[in-house]
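All remarks here apply to the structure that follows.
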2 protein chains.
Amino acid sequence: MRQLDPQIAQDRKRRVLQWVVQNYIHTSRPIASSIIAEEAGLDLSSATIRSILSELEQEGYLVQPHTSAGRVPTDRGYRFFVDYLENVQRLASGEKEQIEKQYCNRLEELDRVLAHTSRLLSTVSHSAGLVLSPRSEAQGLKRLELIGLGGNRVLAIIVTKAGQVRHWPLQLSFVPNEARLRALNRFLNEHLEGKSIREVRSLLAEQLEQAEREMRELQDFAHTLLGELESAVEPDELFLDGATSVVARAEEFEDTREIHSLVRVLEERKVLADMLQEQFRKQLDAAKAGGAPTVRVMIGGENTLPELKHLSLVTTTYCAGDRLVGLLGILGTKRMEYSRMMSLVEYMGRIVSRSLEAWDVEPEGKPKRIPR
Amino acid sequence: MRQLDPQIAQDRKRRVLQWVVQNYIHTSRPIASSIIAEEAGLDLSSATIRSILSELEQEGYLVQPHTSAGRVPTDRGYRFFVDYLENVQRLASGEKEQIEKQYCNRLEELDRVLAHTSRLLSTVSHSAGLVLSPRSEAQGLKRLELIGLGGNRVLAIIVTKAGQVRHWPLQLSFVPNEARLRALNRFLNEHLEGKSIREVRSLLAEQLEQAEREMRELQDFAHTLLGELESAVEPDELFLDGATSVVARAEEFEDTREIHSLVRVLEERKVLADMLQEQFRKQLDAAKAGGAPTVRVMIGGENTLPELKHLSLVTTTYCAGDRLVGLLGILGTKRMEYSRMMSLVEYMGRIVSRSLEAWDVEPEGKPKRIPR
DNA sequence: ATTAGCAATCAACTGCTTCGACTGCTATTA
DNA sequence: TAATAGCAGTCGAAGCAGTTGATTGCTAAT
């Protein structure tokens, strides 16, 4: 025979690797050379496959659990598989419809949309669904309103442009009557609309020193609200559903200690939320540079959190109006159907973004009721 | 020897059973007669213990996993143990302080208190913590307010007497100016304050037909809000934390199918919430008859949900103001420290009730800041 | 009524063997 | 010289026998 084209050799190797990963994902059993020879349709004998496999192992794409076993992908193997995915598996159009139905174009609050989304991600993927909500601190305000609750109590309500609603009960140091409250409200909205909570904070702290005489109470109020804002800048809110199913499927963990540290991470949320925030920042930068929002996959040990080393994370960004504001995705076994999951996540990102557009668009027509 | 007093015999039996359950809870190993003879301090030989054990087994309090093994409590055994708990294990005062610290007497919204409580229950108990929030439907309103969001959009906000805040964005069929909104607000609050959401619903539906001419818009509004109220009567809200740790500790489950059905119940929440609602109703009735709120324990198969047959549920009611409004508790292995858990749950019930009192009391003084 | 003693049971462990699922190597082939 | 067939080697999984030790139930003695 003539010299084998090295290009063809590479190509063959790639095909084998892909076949191994694909099938390992489905069967969760180590893949043997004979099976590949028989079923992969490469027209090669098992012996040839074996030599290819051993090369792939040397290059770090595969490992053997033990000598007399088939091959299993390493993180690197999965990585290759994901990077060179061909025939991307789209969501079935039935599924799309199912999902779409959940997002009838009804006016909904951001938080409700997000909570719902994380559930949906979880149920469709059979993994954990997660959504990182926008940092409320940075969002522009639409309204800041005070509602009297009797006595010196008021409920401070903030509605952001993206449709997030936050509220804190306050105890003022004076008892405002209705007229006063109204005046306060007007004043606040005139001066604060469009500002971010962060800005509001500094404005309240500084500028209001010079408020008109008759607005003296404002200072008291400002002081109270400031305190609340400070403590109430909630840790970035994370919607997480389906965590239990991830734990339930975690047989493959070597150690029970590993399971428990995973549980801790999933329960405390703080660490997870920080990690996702970091991830969001990265994808934000990438999007600025590259244009369209992309789906990112972190496989096993690629995750910054060691507790997630047996899991993979698939994420994308979503926007409210025209700004990227948050991250959503799924967290599941390394043995997930990457193609489908990536499609799912991408699709959900688009859907969520679209359903959050509504808040910045001018209103029209009657509200639509959803059918049960 | 003289005839053994049957009273003494019963007493001895009880002591043995208690010792078995207690020690099984701690060691999770079947308990052998010899150990009891040596360590329980009953001054009986292992042979005597054995005959006692076999009686207890015949009566259904204990079982043997296999012939040559020690005894393990049945649900009935646990039940006995719980019903005749002596030397109730109080919470360490250090722990109480820890908990107390979390509930500084600050004005907090109901939902935040409850969410926090379920977390706390979970971390202290190392089980799942759960809190069923009051049915917002039945609560009395404190305020119903509309905030204009521009165009025909308003945010409808309901504050209940217990301190729950609910809000829905609405699209009206007309564009209200500020004065109109104010008039609407005044009208609504005058007519609806103190009513429950359920009542509001019927009021809106009927009485407002006869609203003054100039309040014609009200009808439109009412119609819109009605729609929302209908669909937004949220399924009873359930705060649930620590579910993953329950799943992680579920080794003792016979079947993986069992684990998966448990996971489903924990994820979907609906079934769980309904069960807890039912449980709440029962405890409510009991409280009406008996006076003080009590802690209830459901052990394994006693639970109405078959998925929980390997778990135990410890619950109590809490009140907002002077009415019992919700349920809280923990869900964990049958092998839990019942005494401690019951103390914990009872204590948390009291603490939550106390910290929800604030909303009905007349306000006083300056708000307190919590230290970080 | 209690106990000591003893036979019986059975999971858990050990060691041994077989089986078969793989691989890696090597000589052969086209 | 790339691909293959064939074969020896490795090793887990499964099955089996034998041992150990924990624990019981029974019975006869106290």
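Heavy-atom basis, side chains included; hydrogens, waters and symmetry copies ignored. The sequence lines fix the lettering, A, B, ..., with proteins before strands; numbering per chain opens at 1. Just so it is clear, the model here is predicted, and its values are computed rather than measured.
Atom pair B:Q58:CD and D:dC26:C1' shows a separation of 14 Å (rounding to whole Å applied). In this structure, A:I36 places its CD1 atom 16 Å from C1' of D:dT4, rounding to the nearest Å. B:L62 places its CG atom 15 Å from the P atom of D:dT23, with the value rounded to the nearest Å. Distance B:L53 CG to C:dT3 P: 14 Å, rounded to the nearest Å. As a whole-Å value, the separation of B:E55 CD from D:dT24 C1' is 15 Å. Here the P atom of nucleotide D:dT4 and the CD1 atom of A:I52 are 9 Å apart, to the nearest Å. Counting to the nearest Å, the P atom of D:dT23 and the CD atom of B:Q64 are 11 Å from each other.
Ring planes of A:Y78 and A:Y24: tilted class, angle from 30 to 60°.
Between the side chain of B:T315 and the main chain of B:G329, no donor-acceptor pair closer than 3.5 Å is present. For B:T316 (side chain) and B:T294 (main-chain N/O), a donor-acceptor pair under 3.5 Å exists by modelled atom type.
In summary, of the residues considered (A:R71, A:K13, A:R50), a salt bridge (charged side-chain N to carboxylate O under 4.0 Å, His left out) with A:E57 occurs for A:R71 alone.
A:R71 comes within 4.0 angstrom of sugar-phosphate atoms only, judged by non-hydrogen atoms across all strands, and of no base.
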Produce a footprint string for nucleotides 12-21 of chain C: one letter per nucleotide, 5' end first; B if the base is under 4.0 Å from any protein heavy atom, S if only the sugar-phosphate is, - if neither.
---------B
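Of the residues in residues 44-51 of chain A, those placing a heavy atom less than 4.0 Å from an atom of DNA chain D are A:L44, A:S45, A:A47, A:T48, A:R50, in numerical order.
A donor atom on one side chain and an acceptor atom on the other are not found under 3.5 Å apart for B:S261 and B:E307.
Remark: B:R79 CZ is packed, more than 12 non-hydrogen atoms of other residues, nucleotides or ligands lying under 6.0 Å away. Within 6.0 Å of CG in B:D83 there are more than 12 heavy atoms belonging to other residues, nucleotides or ligands.
A salt bridge does not link B:R76 with B:E59: every distance from a Lys NZ or Arg NE/NH1/NH2 to an Asp or Glu carboxylate oxygen is 4.0 Å or more.
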